[in-house]
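Worksheet: the structure to be examined is printed underneath.
Since we're looking at a predicted model, the values are computed, not measured. Excluded from the calculations below are hydrogen atoms, water molecules and symmetry mates; all remaining heavy atoms, backbone and side chain alike, are included.
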Amino acid sequence: MPTATPAPVDPRGSVPDLPDQAAYDTLSRDGVTLRLRPVAAADRASLGRLVQALSPRSAYQRFLTASRPAAVDYVEELFDPARTTDTVLATWRGEVVGVGSTHRLTPTSVEVALLVDDAHQGRGLGTLMLEDLVARSRSRGVRSMAAWLLRTNAQMLEVFTHLGLPLHTEVEGGDTLAVTLSLRGTAELERAVAERQRAAVVRSLTPLLRPQSVVVVGAGARRDGVGHQVLTHLRRGEFRGQLYAVNRRGHPVGGVVAQRRVTDLPGPVDLAVVAVPAESVLQVARDCVTRGVGAMAVLSAGFGESNGGAAAEAELRRICREGGVRLLGPNCMGLVNTERALRLDASFLPSAPARGPVAVIAQSGAVAASIVAMLAARGLGVSTLVTIGNSPDVGPADLLAWAAEDRRTKVAVVHVESLEDPEQVVRSTEAMVGSMPVVLLKSGRTPVAASAAHSHTGAAAADDAAVDALCRRAGLLRVDSLTELVDTAAVLAMQRPPRGGRTVVVGNSGGTGVLALDACAEAGLLGPELTQHTVMRLRSLLPRSAAIGPLVDTTAAANLAQLTAAVSTLADDPGVDAVVAVVIALEQLPAAIVRDMLDQVARDHPRTTFVASGVELAADPGAMVPAVADPRHAVRALANAVAWSAGASERAWARSAAAATTAPALGSEPAPAPAGGTGAPVVPHERDEAARSVVQEVLRASPTGGWLTPGQVRTLLRDHDVELVPVIEADDPGTAAEAAAMLPFPVVLKGLGPTLLHKSVHGAVVLGLRSADEVRAAAREMLTRLDDAVTDFVVQPQVHGRPELIVCGVRLPRWGALVMVGRGGVDTEVDPDRAWGLAPVPEPEAAVMLRSLRCSGAVRGPHGQSASDPHALTRLVHQVSELMDQVPEVVELDLNPVIVGDQHPLVVDARVRVAPTPDLPWRAGLRRLRE
């Protein structure tokens with residue numbers, strides 16, 4: 001294998017070799033839990049055993065020689081920082097099963113080496129370790145990664161080929177293949193990693209959600225016991241697999257074979273449902289690991305949700321992770337899968353859910369029970385139902401990945417009190433673009449509710465703005481109540497998603513029709529311009545007293561035939577996307593007949609969306625049209641469906657545009673993404689050099705971090721293509737006057753100082769200065785008034801324009817970087833007109849954020865024309881988000897005000913704070929189980 005003199009490790013972006021921080025749990029291709037971490041000094045013996053156990057074939061393919069000394073030398077090299085840059089170790093149940101490493105060739109290129117135990121080859125370990133090493137190499141500014149393989153080593157060549165990065169291969173010496181990966185493109189890699197993650201998650205959940213054998217631990221003779229209830233539900237539901245029970249005496253329960261311990265069971269077990277006191281759960285978990293159980297659903301309470309239970313919950317997760325057991329709960333009500341070939345009801349819900357198209361994921365068992373009852377009232381059942389409880393392991397992201405692969409599921413509804421794994425939620429929903437809607441109800445919007453959620457679940461409630469940003473990125477529909485959750489799910493599950501928002505209201509009651517029409521206007525559903533043919537036909541069909549327009553009031557005089565013809569005619573109009581039928585039941589129009597009529601019209605018009613209201617229609621599992629008694633609720637649900645459909649179209653377009661972007665060839669610079677494109681950011685290498693230098697300079701001077709000086713801010717922003725309005729720094733009133741003479745008047749004088757972060761609040765900003773003398777006088781007055789608070793000054797030309805915006809970034813625990821755009825200047829604090837996004841924000845998403853602002857009309861101009869470059873604002877938001885994403889030490893960034901002028905937006909003022917980051921940024925794109 002070619003070698004090179006090792007170059008010194010570049011300190012820029014270096015990753016600390018801290019196994020405790022860098023370690024994480026992940027899943028193999030076949031869904032088995034593994035742990036990845038850097039090599040530690042204590043691993044020398046384990047690595048020696050790994051290479052000694054290699055088959056001659058594997059040793060030859062890895063080291064290009066059958067010589068064992070070559071393998072021993074490689075192990076020694078792993079512990080030599082002069083020869084090895086990064087290492088990654090894969091362990092399974094505490095046993096070392098793979099190792100990978102990179103070795104510096106040049107300052108911007110490395111050689112990669114991978115070694116997998118023979119017994120674990122073909123399970124995707126090589127790909128997992130390669131993803132890890134790619135992420136860390138990128139963080140060091142590495143541009144390319146090389147490897148030398150035997151041409152016959154098809155398995156390893158496949159690992160490199162399908163990774164998702166541009167690949168170049170070249171034959172060397174007849175039987176050796178030189179493989180080079182370009183690390184500069186990320187879009188395809190991110191898509192490939194997300195797809196591998198979803199596939200592995202689904203495979204890992206098979207023992208939980210599609211078990212062939214179930215044991216209920218704690219199923220005794222007491223009928224009111226939770227374990228007994230679960231066993232009863234499994235039997236009554238006619239579970240199609242093997243069923244066991246475990247109780248203290250080992251006595252059969254209801255004819256089900258029982259043992260005293262899980263380890264005593266006669267056959268293999270996929271799922272253990274645990275309903276024993278909290279103090280007994282850890283031993284049950286150890287028994288499940290010993291027995292080879294695939295998954296546990298722990299119904300027992302007394303863990304993270306209670307005082308003193310957090311340590312036991314952490315130990316429970318550790319046992320399950322190390323033993324390869326997926327853990328649902330603790331403190332949950334179980335799970336249901338209504339698949340005909342399975343019939344799994346491993347829960348103690350009050351009533352068994354009917355079979356249907358809705359996947360239910362709920363943190364609270366009580367909420368899950370309410371959702372089931374409300375769905376049943378609308379004639380809907382569930383495909384799967386999972387209550388997650390405290391969810392230290394299996395969470396919403398995992399279950400959404402499962403739902404995306406379940407063909408029976410048309411819509412998923414999610415209730416959570418906290419979101420612990422936002423990155424994984426985004427990855428899980430990527431597979432659902434344009435196909436399966438997800439409706440989210442997150443409690444804890446208010447400070448009081450957030451505090452209650454914290455005490456109930458033992459997890460900190462996420463910032464509400466971050467949740468909204470997640471929903472925008474992931475395409476989730478966020479709702480405010482259980483009623484809205486179920487109504488929206490009904491609209492999306494029972495019909496195709498709406499083509500658009502052009503909605504007409506039709507019914508036999510003017511009063512309720514007007515309520516619906518008001519709701520349509522408030523929800524932004526546009527009334528269509530009916531064609532002349534539609535209007536003439538309606539006039540010929542309906543009574544003379546009927547009103548025809550956005551509200552078609554047939555009046556109570558209309559009979560069934562006239563009402564049917566009116567609804568059908570409106571559905572035929574090419575300008576109508578949705579019909580809200582507000583019908584009052586009359587003696588000649590019983591509710592059941594109205595239901596049948598609407599369902600038939602819906603079948604005849606599959607391209608039109610229908611919602612019924614104004615009458616309580618009986619639940620019917622075969623119904624086509626969702627019925628919501630309150631017209632406002634019906635319209636709100638329809639508006640949510642319209643919003644999801646529009647967002648799905650936008651995301652599908654953005655995804656196809658990104659997929660069409662050609663990856664850069666080796667040795668060439670990548671082409672810039674088109675305006676409005678969504679190509680993932682290129683690794684910033686040289687561009688980040690100045691930014692990293694600024695950050696290191698500040699952290700050397702102040703290890704805890706601090707605010708950047710104006711010059712440092714300008715350097716940092718310029719490194720990411722964000723330019724400030726020209727500014728000149730000054731030490732005193734005299735130099736401030738000299739600086740002003742170099743600029744066109746009028747100018748602005750600003751005082752600087754550690755306590756003057758909000759300058760206008762302290763009176764440290766003076767506008768409209770028209771001469772050097774005025775600048776000198778204003779500086780002296782400011783010094784007198786603010787005393788020692790002012791240490792320096794800046795002078796800049798005064799910029800005129802409206803409106804003023806703010807673009808800022810902030811870093812939150814668990815969420816990473818968020819970017820906000822909103823009304824700026826002095827209005828920032830008094831008018832919370834803002835939109836948030838998760839960094840990095842693609843330009844199309846930035847455009848959506850800007851359009852969502854109430855002040856967006858002013859940005860567009862008086863007659864809808866653009867007040868500036870139409871892409872400049874979205875580009876600015878995108879660039880700020882890239883900076884926040886790529887420089888993790890930046891914890892706060894404000895551009896305020898950003899003035900929308902006649903051309904490009906002008907950034908008048910900026911402030912940036914940096915701090916040492918506890919995160920390892922390279923881990924963000926890896927396949928990690930929740931932590």
Side-chain angles (χ1 to χ4, degrees), residues 9 13-29 31-51 53 74-81 83-103 110 112-117 119-121 123-140 142 145 159 193 196-197 200 204 289 314-315 317-327 392-393 421 423-424 888 917-931:
V9 175
S14 61
V15 180
D17 186 14
L18 300 174
D20 56 334
Q21 291 186 26
Y24 58 95
D25 296 315
T26 186
L27 293 170
S28 66
R29 178 185 299 165
V32 174
T33 304
L34 302 167
R35 189 162 183 81
L36 266 61
R37 60 172 174 81
V39 171
D43 297 318
R44 191 182 298 270
S46 297
L47 287 166
R49 288 191 294 270
L50 174 68
V51 298
Y74 171 67
V75 171
E76 290 303 314
E77 189 175 286
L78 295 174
F79 299 93
D80 184 355
R83 302 173 67 189
T84 299
T85 306
D86 284 308
T87 61
V88 58
L89 196 76
T91 64
W92 172 73
R93 296 193 173 187
E95 175 188 356
V96 175
V97 294
V99 64
S101 57
T102 55
H103 310 268
V110 294
V112 62
L114 301 171
L115 178 63
V116 178
D117 184 276
H120 294 271
Q121 291 180 8
R123 301 177 60 195
L125 273 68
T127 301
L128 281 165
M129 293 190 296
L130 185 56
E131 289 171 358
D132 179 284
L133 293 170
V134 164
R136 283 194 268 172
S137 295
R138 287 169 60 87
S139 74
R140 294 183 185 274
V142 173
M145 181 176 281
V159 169
V193 168
R196 289 191 285 264
Q197 170 88 350
S204 76
V289 170
E315 178 64 8
R317 182 173 74 167
R318 185 195 67 78
I319 293 170
C320 291
R321 285 281 174 86
E322 291 186 359
V325 178
R326 292 310 307 263
L327 171 65
D393 180 30
D421 50 355
E423 178 192 346
Q424 303 304 333
T917 173
D919 301 325
L920 299 176
W922 54 269
R923 297 200 315 163
L926 298 176
R927 292 187 269 160
R928 295 176 291 125
L929 292 173
R930 68 187 316 190
E931 300 173 347

Can you find a pair of side-chain heavy atoms, one from [X] and one from [Y], that are under 4.5 Å apart?
| X | Y | answer |
| --- | --- | --- |
| Arg321 | Arg318 | no |
| Glu76 | Arg44 | yes |
| Thr33 | Leu27 | yes |
| Val88 | Arg136 | yes |
| Leu114 | Leu133 | yes |
| Val193 | Arg196 | yes |
| Val96 | Leu47 | yes |
| Glu131 | Val134 | no |

At their closest point, which heavy atom of [X] faces which heavy atom of [Y], and how far apart are they?
| X | Y | result |
| --- | --- | --- |
| Leu327 | Cys320 | CB-SG, 4.1 Å |
| Tyr74 | Ser101 | OH-OG, 2.8 Å |
| His103 | Ala113 | NE2-CB, 4.4 Å |

Between [X] (side chain) and [Y] (backbone), is there a donor-acceptor pair under 3.5 Å?
| X | Y | answer |
| --- | --- | --- |
| Arg123 | Ser28 | no |
| Thr87 | Val39 | yes |
| Gln121 | Val116 | yes |

Practice item. Report the residues that fulfil side-chain hydrogen bond (donor to acceptor under 3.5 Å, both in side chains) with Arg29, sequence neighbours left out, ordered by chain and then residue number. Key: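 side-chain hydrogen bond (donor to acceptor under 3.5 Å, both in side chains) check on Arg29 returns nothing, list empty.
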
Exercise for review: Would you check if there is a donor-acceptor pair between the side chains of Arg326 and Ser204 at a distance under 3.5 Å?
Suggested key: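 Yes, a side-chain donor-acceptor pair sits under 3.5 Å.
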
How long is the span from the [atom1] atom in [X] to the [atom2] atom in [Y], to the nearest 0.5 Å?
| X | Y | atom1 | atom2 | answer |
| --- | --- | --- | --- | --- |
| Arg317 | Glu931 | CZ | CD | 7.5 Å |
| Thr127 | Arg927 | OG1 | CZ | 6.5 Å |
| Leu929 | Arg35 | CG | CZ | 10.0 Å |
| Arg928 | Asp132 | CZ | CG | 11.0 Å |
| Thr84 | Leu78 | OG1 | CG | 5.5 Å |
| Leu115 | Leu89 | CG | CG | 10.5 Å |

Practice item. Determine, stepwise, if the pair Val110 / Arg140 fulfils side chain to side chain contact (heavy atoms under 4.5 Å, CB included). Key: CA-CA 11 Å; Val110 294; Arg140 294 183 185 274; over 6 Å; no

Review point. Hey, mind stepping through Arg37 and Asp43 against salt bridge (Lys or Arg N to Asp or Glu O under 4.0 Å) and telling me if it holds?
Key: CA-CA 11 Å; Arg37 60 172 174 81; Asp43 297 318; 2.7 Å; yes

Check your understanding: Is there any side-chain hydrogen bond (donor to acceptor under 3.5 Å, both in side chains) pair reaching into residues 89-98, and which pairs are they, with sequence neighbours excluded?
Key ->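 Sorted result for residues 89-98: empty, none.
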
